[in-house]
Structures are given as structure tokens and as C-alpha cells.
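Letters A, B, ... are given to chains in the order of the sequence lines, protein chains preceding strands, and every chain is numbered from 1.
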Amino acid sequence: MSDLALLSATEAAEAFARGEASAEALVRASLARIEAHDGRLNAVIRLDREAALEAAAAQDRARAAGARLGPLAGVPMMHKDMYYRAGRVSTCGSRIRRDFRAPVTATVLERLDAAGAIDMGTLNMAEFAQNPTGHNAHFGDCHNPWNLAYCTGGSSSGSGAGVAARLFAAALGSDTGGSIRLPASICGVTGLKGTQTRVSRAGVMPLSFSMDNVGPLARTARNAARIMGVIAGRDPRDPTSAAEPVPDYEAALTGDLRGLSVAVPREWFFDGAEDVVVKGFEAALAVLKGRGARVSYVSCPSLRAVGAYVALVSRVEAAAIHAEWMREHPGDYATHLSARLYGGYAIPGHLYVEALSRRGPLLRQFCQEAFAGHHVVATPTLRMRVPTLAETDIDADPDNWARHMAVSANTRPFNYLGLPTVSVPMGFDDRGLPMGLQLAARPFADGRCLMVADAYQRDTDWHARLPPL
Amino acid sequence: MATDPMDEAERAIRFWSGVACPNAAGRRALDDFPALIAELAALRGGMAFEEEPALFEAALRAEKEQEA
């Protein structure tokens, strides 16, 4: 095998299981690729080289002893620097937590460890996971592997850039307003935000208690399905996690879209959309139709209220979490983050309660509008082409505020609605930057999103393209 | 004499939360609010509060995809 770092997560796991590659060789290939390319990308915050090689050696010994291998055995992964591992630093991309040693290990990391994945360290991210572009004033901006002048999307910037650049096979991100799907779309990889409550958040830095989600960024929907199968499910340490049974997501990837109905909302998602994005989206719909899906345009008036309320919830919850730091040392935040948090304190409590209390009724209304007779909703992940780092840098110029916030316009509604949503690569814009197709389904139909995404990837090769590093 | 609503917002934040405007961009973050308030005002009267106990998690379960 020429370069083991180019294998996707499932390919790496299968190569290891068949004895074609050792876990140590897989990790060393990733380490070499990080050494070769991360100086320009800045995706990595901390590389745990020795711990990764020790974990790989343990997997190699287990395989030699004939032990039963986990579904991710030998797969090199890295994670957004907000997943706690007891005794190690989780910076959360911030100066404030630069030396914070986590007292516990996140349940999702424990589950990945048990599945045999190799944790190689931590990844760059927006400070406290709070911007949609990936800018970071403390650890330096992460750069898009397709063009270093462009943003990676955020907040899981290192996860998106690192998977796209094949620095490692897959990564965890988090998604409160699009922070998995945006870097997935902008860097040209696959990212899944599960149903709200589907994945445990124990041992994970909180941003918004109501809308935070943990999920994978990986090369393909099949990779995401395998990782989701490992991390999803009830966790006694997270009382908000759902007890719904976790299906075999991978087994459901049949590629068969006959009888599938796709709804495209007329409202919201195309407001001000750029032509190249709309054309790319229409081409993606044609691929789905080619596999037997029906596509219908539907009206979803609920989106106006969703769009208004989603703007309140995460801002108020983030403001509450950060209040002590905002009083005591606001200068330790990047300019754009303290500004964003500041706005949260102006929102009256009764409107926050109103936003939360209408979440259930609006979910019911949206499901009636979008899913009556339809299985998935399809939209572009972004309405706009990928912006440059400079034109979305609020710290350099507050006039960039509107452009910066517009990046997440199409992803935020699904956080308020709590619906499972995946972003898959759907081509490149006229500047050579990736575009994404967003697919959402009813609650707990995470597997439906993955099945459609996988079918799409059987007829396209956007996800297989390698950035010109 | 009319007062600037943004000045009022800054005073209310300091009064209730003890948080001062951190920088010029902080003031800019409040610029979004007139449009957001207009959106919220447009929703008034459109939805009633449900008086029965409710959880969003229950709504998620209720809206699950039905088996074929």
C-alpha cells in the first residue's frame, strides 16, 4: 500500500483487520503527513505522538493474540480540543483554558478507545467553539487545504481541514449551529450532526446546553456511519442522552433510493444564494433522481420563526456559561468572541423562554410541512461560496460581522429543530473551493441521512478528491 | 429627549449582569438586534403558549419516522 494515510477510516480498519497494515504503520503514516503539511494548515493543537504509538502497539498486540477487534481498530483519529481526557489539557481553543487539565474523560472518547481507534491528539477550533469560520486568535487560524487563503469553516476547523488533507482518517467535531457541517462542506469532507440527544455530551465542553451535538467528520458517509455506531446511544453520565436503540447504520447503506422522496424547502435556504451554489445543488439533486429518488419543492412557513428563535437560544446559553469570565477578564477572549457573547446579555429572559417553549411545536410544524410524504430534506450547506479568512475576520474589521454570521444561515435551523443532518461534498465553486449538500431527516432517522449520503457518494467522486498540498 | 436604544441596552446589560461592553465590536454585535426584534415582533400572536407540561425530547420522540 503506497500511502496508508490516504486510507479512509473504514479502509484503514479493514486493512488492519486483514493484516495488511499494522496499527503502528497507520499511525506513523499519519504522523508523517502531519509533519509534512500541518505547518501550513495549522490544524493540530497538540500531537500525542508517544501515546498514539503506544495505543497502536496495544492494538497490534491484540490482533497478534487473536483478540476480537473493535470496528475502528487501528484507525488514526484526532479530535477537536474540547473533548476531555482525564489529566490532559483541553484548551477549548482559548487562552482562558490554555492550561485546563480535564478531571474526566469524555464518554465519546472512551467509546472510541474501546472500539480500537487511536487518539493522536487535539485539533484547532474556534475559541470555545463559537464562530462559523474557524478563526482563532490564540492558536492561529486554521487554513483551508484547498486554498490556504480561505477559511476552513468552524467551529471544528482542524477536524475539517485535517480530514480533508488526510492528516488522519477521521475526527470528532461538535455542532451547535453548524460547526460540524460547515467545516465538512467548506473543506470537502462528510460531517454528521446527529439527532439532538443521540450522542452523549458527558466530558465535552458546553456551549449551549439545548443545542450542542457531538459527531464525526470523515471522508465518506460510510465512515461517518461506522463512527456514529460507536459513539451513539444512552449514557448514564449524560441524563439528556436518548435511550432510543442505536441501529446498524452501516448495514442500512444499500445505495437504493427507489421510492425515496426528497423535499426541498422553498423558504429560507435559497435567500440570496449564489448562482454557483444553486447550480451545484441542482446537479446534486439530479444524481439523487438518477438513483430513483423523487424530488419535490415544499413550503415551510415555520422556518421564519425557527430562524428568529435559533438566534436567541445559543447566544443566551453561551452568555450564561461565560458570565464570570466576561466580568473578570473579558480581554482574554478574542475581540469577535467577547463581542458575540456580549450580545447575549441583552436578550430578555422571557424571549429565551419563549424560544425554548416553542421548539417542540415548531418541530411538529416543520415535520408536517417538510416530511409529510417525504423522507429527507435537501438544501445547500452554505448559500454562499467559501469566503476568505480576511473577508470574514471581525477582529481585523468589525464591518465583516454580517458576512461572518451569514456563513451558518443554512445550518442553524436544524440545531433548533434537533434534526439529524449530514453534509457531503457536492462539487467545487468557480474559485476551486468545495460546496456541500445538506440532508436532514426526521428525529432519530440519522441512518436515513447517511443512507442517502452514501448513495450519492456511490455516483460522485467529490469526496475522493485530494487537495493540492 | 429620545435616548439611543443601544445605549439603553448597554446600561441594562451592566445593570443586570455586571458585564461591560468589551470593545467596539461588542457594540456592533448589538446592531443585529433591531432586525431580530422586528422578526420576533412579526411572530407575536402567531403561536400560543402550550399550558400542558412539555419537553422538547418528547417532541423528538413523537416525530420519529414510522416504520414502513
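For the pair B/Asp32 and A/Arg315, the minimum side-chain heavy-atom distance is below 4.5 Å. Using a 4.5 Å heavy-atom cutoff, the side chains of A/Leu312 and B/Leu40 are in contact.
Atom CZ of B/Arg28 sits about 15.5 Å away from atom OH of A/Tyr342, to the nearest 0.5 Å. Note that the CE atom of B/Met47 and the CD atom of A/Glu354 stand 9.0 Å from one another [nearest 0.5 Å]. Rounding to the nearest 0.5 Å gives a distance of 4.0 Å between CZ of A/Arg304 and CD of B/Glu39. Rounded to the nearest 0.5 Å, atoms SG (A/Cys367) and CD (B/Glu65) are 10.5 Å apart.
Put simply, of A/Met326, A/Gln368, A/His375, A/Arg364, the one with the most heavy-atom pairs under 4.5 Å next to chain B is A/Arg364. With chain B as the partner, the residue from A/Tyr345, A/Phe371, A/Tyr309, A/Phe444 showing the most heavy-atom pairs under 4.5 Å is A/Tyr345. The candidate with the highest count of non-hydrogen atom pairs below 4.5 Å against chain A, out of B/Ala42, B/Ala24, B/Ser17, is B/Ser17. Options A/Arg340, A/Glu244, A/Met405 differ in how many heavy-atom pairs under 4.5 Å they form with chain B, and the most are formed by A/Glu244.
Shortest non-hydrogen contact noted between A/Ala339 and B/Ala29 is O-CB, 3.2 Å. Minimum interatomic distance between A/Ala346 and B/Leu30 (heavy atoms only, all atoms of both residues): CB-CD2, 4.1 Å. The minimum heavy-atom distance between B/Leu36 and A/Ala308, with the atom names listed, is CD1-O, 3.6 Å.
Of the two parts of A/Ala305, the backbone and the side chain both hold a non-hydrogen atom closer than 4.5 Å to a non-hydrogen atom of chain B. Proximity to chain A is limited to the backbone of B/Ala48, based on heavy atoms less than 4.5 angstrom apart. Of the atoms belonging to B/Ala20, it is backbone heavy atoms, and not side-chain ones, that fall under 4.5 Å from chain A. For chain A, the nearby parts of B/Ala25 are the backbone and the side chain; heavy atoms of each come within less than 4.5 Å. When heavy atoms are compared at a cutoff of 4.5 Å, A/Glu328 does not approach chain B at all. In this structure, the portions of A/Asp399 lying under 4.5 Å from any heavy atom of chain B include both its backbone and its side chain. For A/Arg198, no part sits under 4.5 Å from any heavy atom of chain B, backbone or side chain. In this structure, chain B has heavy atoms under 4.5 Å from both the backbone and the side chain of A/Thr335. If you measure heavy-atom distances from A/Leu341 to chain B, you find no contacts under 4.5 Å at all. When heavy atoms are compared at a cutoff of 4.5 Å, B/Phe49 approaches chain A by way of both its backbone and its side chain.
No more than 12 heavy atoms of other residues, nucleotides or ligands shown are found within 6.0 angstrom of CZ on B/Arg14. Other residues, nucleotides and ligands contribute at most 12 non-hydrogen atoms within 6.0 Å of the CZ atom of A/Phe209.
By the side chain to side chain contact (heavy atoms under 4.5 Å, CB included) test, A/Ser200 is found to be paired with A/Thr107, A/Ala202, A/Asp235, A/Asp238, residues two or more places apart in sequence or in another chain being considered.
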Side-chain donor-acceptor distances from residues 52-62 of chain B under 3.5 Å, at least two apart:
none

